[in-house]
S.K.: 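First the structure, then my questions, so here it is.
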Amino acid sequence: MLQKSITVRKPKDLILGIILLTISIFVIVVASGYDLGTTRQMGPGYLPIILGSCLGVIAAILIGGSFIGEVAHYAPFVIRPTIFILGAALTFALLIRPLGLLITVFLLVIPAVFADGGRRLKSILTLALVLAIGTTLLFPIALGQQIPIFGHVFSH
């Protein structure tokens with residue numbers, strides 16, 4: 001009897017699939033403690049269980065697909081973009097309350113742009129300004145979100 005070995009052809013898909021499956025199981029287990037309700041009158045556990053199940057299906061597709069097809073060749077992991085993108089997210093989290101949306105978005109664009117490498121200062125500042133004004137017009141003004149345009153630093 002000939003036995004074929006199973007090889008992982010796309011390891012990133014396998015890892016992501018396992019992570020998503022773990023999250024899916026966690027969501028379903030936690031949500032199962034809530035009242036499910038019916039389709040007509042949904043309880044607090046209905047939507048999380050549906051979404052957790054959909055996430056589980058996506059995870060299963062990723063895990064299954066990681067064994068099929070051609071072997072994927074990936075570029076080596078580069079730490080620079082990761083640090084700058086996480087830095088931008090951290091900048092937003094730390095500065096949104098004291099500085100407000102307008103200035104925070106302007107400031108977070110700068111480290112995010114450096115994740116990709118060299119850019120000219122004029123294009124960085126233009127992008128930051130356009131995104132800051134655009135998000136300010138969209139979220140607090142057009143959509144009425146309760147996000148301060150200027151933070152408490154400017155209210156004194």
Side-chain angles (χ1 to χ4, degrees), residues 5-72 74-116 127-128 130-156:
S5 65
I6 298 175
T7 44
V8 177
R9 297 176 183 278
K10 300 171 194 155
K12 285 187 177 181
D13 287 358
L14 179 65
I15 292 169
L16 180 61
I18 292 170
I19 291 170
L20 292 179
L21 185 61
T22 304
I23 293 169
S24 168
I25 292 169
F26 176 77
V27 167
I28 291 170
V29 167
V30 169
S32 66
Y34 298 123
D35 180 35
L36 188 60
T38 64
T39 305
R40 190 179 261 297
Q41 285 193 317
M42 298 177 204
Y46 191 88
L47 187 62
I49 288 177
I50 296 297
L51 293 177
S53 300
C54 291
L55 188 62
V57 169
I58 293 169
I61 292 169
L62 277 171
I63 291 170
S66 69
F67 298 102
I68 301 170
E70 295 188 26
V71 176
Y74 300 106
F77 180 73
V78 183
I79 194 77
R80 177 188 168 115
T82 305
I83 290 173
F84 278 104
I85 296 300
L86 288 175
L90 187 60
T91 299
F92 185 83
L94 294 175
L95 298 180
I96 187 70
R97 288 187 190 267
L99 298 181
L101 185 66
L102 185 68
I103 294 172
T104 301
V105 169
F106 183 84
L107 292 175
L108 80 85
V109 168
I110 296 167
V113 167
F114 285 113
D116 187 33
L127 176 65
V130 167
L131 288 175
I133 291 170
T135 55
T136 301
L137 290 173
L138 178 64
F139 293 106
I141 296 172
L143 296 176
Q145 296 292 310
Q146 297 297 315
I147 303 171
I149 296 173
F150 293 103
H152 62 76
V153 169
F154 299 104
S155 63
H156 296 289

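Quantities reported herein were computed from a predicted structural model and do not represent experimental measurements. Sequence positions, counted from 1, serve as the residue numbers for this chain.
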S.K.: Identify all side-chain donor-acceptor contacts of residues 12-21 below 3.5 Å with residues at least two apart in sequence or on another chain.
M.R.:
none

S.K.: Ile141 and Leu137: which non-hydrogen atoms are nearest, and at how many Å?
M.R.: CB-O, 3.4 Å

S.K.: For the OG1 atom of Thr135 and the CZ atom of Phe106, what is their distance to the nearest 0.5 Å?
M.R.: 12.0 Å

S.K.: Report, one line per pair, each donor and acceptor closer than 3.5 Å where one atom sits in a side chain of residues 93-103; sequence neighbours left out.
M.R.:
none

S.K.: I need the minimum non-hydrogen distance between Glu70 and Lys10, along with the two atoms involved.
M.R.: O-CE, 3.9 Å

S.K.: Would you please name every residue forming a side-chain contact (heavy atoms from CB on, under 4.5 Å) with Leu138, sequence neighbours left out?
M.R.: Leu143

S.K.: To the nearest 0.5 Å, how far apart are CD1 in Ile25 and OG in Ser53?
M.R.: 11.0 Å

S.K.: Who pairs with Ile83 by side-chain contact (heavy atoms from CB on, under 4.5 Å), at least two apart in sequence or on another chain?
M.R.: Ile79

S.K.: Let me confirm one number: the CD1-OG distance from Ile49 to Ser24, rounded to the nearest 0.5 Å.
M.R.: 10.5 Å

S.K.: Not counting sequence neighbours, which residues clear side-chain contact (heavy atoms from CB on, under 4.5 Å) with Ile68? List them please.
M.R.: none

S.K.: List the atom pairs, with distances to 0.1 Å, where a side-chain N or O of residues 26-39 and a protein N or O form a donor-acceptor pair under 3.5 Å, not counting sequence neighbours.
M.R.:
unit_1, atom_1, unit_2, atom_2, d
Ser32, OG, Ile28, O, 3.4
Ser32, OG, Val29, O, 2.7
Thr38, OG1, Arg40, N, 3.4
Thr38, OG1, Gln41, N, 3.0
Thr39, OG1, Tyr46, OH, 3.2

S.K.: Could you walk me through whether Val8 and Phe67 pass side chain to side chain contact (heavy atoms under 4.5 Å, CB included), step by step?
M.R.: CA-CA 5 Å; Val8 177; Phe67 298 102; 3.5 Å; yes

